Amino acid sequence: MPKLHRKTQFFASKTAMETLVPLPEWAPLLEEYSLARVDQVERNTYLDSQRYQDLFIDEFRLLEEKWLEQIPEEEREKAILYLTVGSHNQDLRSQMLDGEVLFVTADFDSLLGFMDFFALMGLTTWVENVAWLELMLPRYEGIMFRLGQWFRAAI
């Protein structure tokens, strides 16, 4: 069966990050976003992405207006923003078994995905050393290890 998965990458130029991140208009936007995420987790319910976006789109557009007002035209042309969402493996195994797809969006709207990275920072268990990693990923031994080596060579 296909193993559907998603990888998300956000790319921004130095100009974009230096001019966008310090804006105080992020505060109400991230507050609305965080409250929506908390509500979603507490209720353990699915929230349609369009309804989710509608909850904070006004604050998002206010941030965009403020950014466009304060950045000179020549700096705006240097500001690069884009977001990719999909499976990035692009190898034969993935093409045959998992399917490969990639969605790319650019400019200011890619920041909607950027907000998810703030949530990920709080939800992620950060591995601080090799010993901790080895506790989380125990070594395979015996027949499973040998089968895994054989399958890896076969693929």
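None of the values given here were measured: they were computed from a predicted structure.
Looking at Ile71 and Leu20, their side chains never come closer than 4.5 Å, going by heavy atoms from C-beta outward. Two residues are said to be in side-chain contact when any heavy atoms from C-beta on lie closer than 4.5 Å; Leu29 and Met115 meet this criterion. Counting only heavy atoms from C-beta outward, the side chains of Tyr82 and Val104 approach each other to under 4.5 Å. Side-chain contact between Thr8 and Leu83 is present, with at least one heavy-atom pair separated by less than 4.5 Å. Inter-residue side-chain proximity for Leu23 and Gln70 is flagged as met; some heavy-atom pair is nearer than 4.5 Å.
Few gaps surround CG on Asp116; more than 12 heavy atoms of other groups in view lie less than 6.0 Å from it.
Considering CD of Glu64 and CD of Glu25, their distance stands at 12.5 Å, rounded to 0.5 Å.
The ring pair (Phe, Tyr, Trp, His ring centres under 6.0 Å) search around Phe60 returns Phe108, not counting sequence neighbours. Residues forming a ring pair (Phe, Tyr, Trp, His ring centres under 6.0 Å) with Phe10 (at least two apart in sequence, or on another chain): Phe114.
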side-chain contact (heavy atoms from CB on, under 4.5 Å) for Leu63 and Trp26? Distances and angles first, verdict last. CA-CA 7 Å; Leu63 173 67; Trp26 274 109; 3.7 Å; yes

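In this structure, the side chain of Ser110 does not engage the main chain of Thr105 through any donor-acceptor pair within 3.5 Å.
Asp109 and Arg61 are joined by a salt bridge, as a carboxylate oxygen and a charged side-chain nitrogen come within less than 4.0 angstrom of each other.
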